[in-house]
Amino acid sequence: MATQKPSYWLMKSEPDAFSIDDLEKRPKQTEPWNGVRNYQVRNMFRDQMKAGDLAFFYHSSCPEPGIYGAMKIVSNAYPDPTQFDPKSDYYDGKSTPEDPRWLLVDVQFLQKFEQPVLLSTLRENEAKLEGLRVLEKGTRLSVTPVKAEHWKLITRLAGVKL
DNA sequence: GCCAACGTTGGC
DNA sequence: GCCAACGTTGGC
């Protein structure tokens, strides 16, 4: 069986709603990344993301947006249960268990960076980070792919090795 | 709070 | 299938 190389990702969350500190405190430090209601991200979950991949945890809509840590994808994509829960903010009455519209993956805390890599720092390095989706104008996707060389550079900026 | 950018919805 | 209107994202 061939060992598959991990892919790398960047996943955004508003820290007021769910932060890397929240993830660290979860049982088994694991959490279903629910609430994604965007077809492009749904398709990435379904077609590209695999258990064993690694992801940056990005805090958005906060005083200092940036990458605050790293996590591991610990499941393949499966239906997001919140879409079937009428009490959930993420309820989608047009989705059925027989034909679920929205997927999620489980993520596990790896580490919080002592030195977060802020958006401003990413911008300072944009020559080397050309093509990093989160730097591109108008990219609002909550999940974006990260190239291996960009992953490496960003972890170096954070002072860690992953 | 503003607003640019983008996604989704729905009338036609 | 077009496209205007509307909603959301997210930096500032």
Side-chain angles (χ1 to χ4, degrees), chain A residues 7-26 31-49 53-73 77-107 109-147 150-151 153-160:
Chain A
S7 299
Y8 302 102
W9 305 92
L10 181 150
M11 300 170 76
K12 293 182 193 172
S13 177
E14 299 187 18
D16 286 349
F18 186 70
S19 72
I20 188 149
D21 298 306
D22 296 326
L23 178 60
E24 186 173 11
K25 289 181 212 138
R26 282 292 194 266
E31 179 77 357
W33 197 267
N34 60 27
V36 169
R37 296 295 181 266
N38 173 284
Y39 288 104
Q40 290 183 61
V41 176
R42 191 272 313 265
N43 295 347
M44 278 191 269
F45 281 167
R46 186 189 60 198
D47 302 333
Q48 294 174 255
M49 199 178 272
D53 287 356
L54 300 178
F56 290 130
F57 197 127
Y58 181 97
H59 286 180
S60 64
S61 295
C62 58
E64 295 193 294
I67 295 168
Y68 281 76
M71 54 195 172
K72 185 187 229 175
I73 310 302
Y78 64 95
D80 180 345
T82 64
Q83 69 196 303
F84 308 125
D85 177 4
K87 294 193 295 291
S88 169
D89 288 344
Y90 302 126
Y91 178 64
D92 182 348
K94 293 181 190 157
S95 184
T96 65
E98 294 72 36
D99 186 18
R101 181 177 292 190
W102 305 113
L103 304 174
L104 56 69
V105 296
D106 292 340
V107 301
F109 177 85
L110 275 184
Q111 67 175 83
K112 182 176 174 179
F113 296 157
E114 279 179 44
Q115 278 235 278
V117 184
L118 301 181
L119 180 58
S120 53
T121 307
L122 293 172
R123 290 241 160 83
E124 285 164 19
N125 289 273
E126 78 188 324
K128 289 180 186 164
L129 292 172
E130 176 154 18
L132 186 69
R133 295 288 299 279
V134 79
L135 293 180
E136 285 172 8
K137 187 164 132 181
T139 295
R140 300 179 316 167
L141 291 180
S142 60
V143 178
T144 50
V146 175
K147 290 179 186 161
H150 291 164
W151 178 272
L153 173 62
I154 292 166
T155 53
R156 205 178 310 137
L157 291 171
V160 303

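Each chain gets a letter, A, B and so on, in the order the sequences are listed, and its residues count up from 1.
- Comment: A/E126 does not engage A/R123 in a salt bridge, judged by the lack of any side-chain N to carboxylate O separation of less than 4.0 angstrom.
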Sugar-phosphate means primed atoms, P, OP1 and OP2; the rest is base. With that split, encode nucleotides 7-12 of chain C 5' to 3' as B, S or - using protein heavy atoms under 4.0 Å.
BBBBSS
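- Here the side chain of A/T139 pairs a donor or acceptor atom with the backbone of A/R133 at under 3.5 angstrom.
- Side-chain contact annotation: A/Y78 with A/D106, donor-acceptor N/O pair under 3.5 Å present.
- Applying the salt bridge (charged side-chain N to carboxylate O under 4.0 Å, His left out) criterion to A/R101, with sequence neighbours excluded, gives A/D92.
- In the displayed structure, A/E136 atom CD is contacted under 6.0 Å by more than 12 heavy atoms of other residues, nucleotides or ligands.
- Using a 30° and 60° split on the angle between ring planes, A/H59 and A/Y68 fall in the parallel class, below 30°.
- Comparing A/N38 and A/K94 by the nucleotide of DNA chain B whose heavy atom lies nearest to each, the residue mapping closer to the 5' end is A/N38.
- A side-chain donor from one of A/R37 and A/T82 sits under 3.5 Å from a side-chain acceptor of the other.
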Between protein and nucleic acid, restricted to nucleotides 1-4 of chain C and to nitrogen or oxygen atoms under 3.5 Å apart, what atom pairs and distances do you find?
none

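- A side-chain donor-acceptor contact under 3.5 Å links A/D22 and A/S19.
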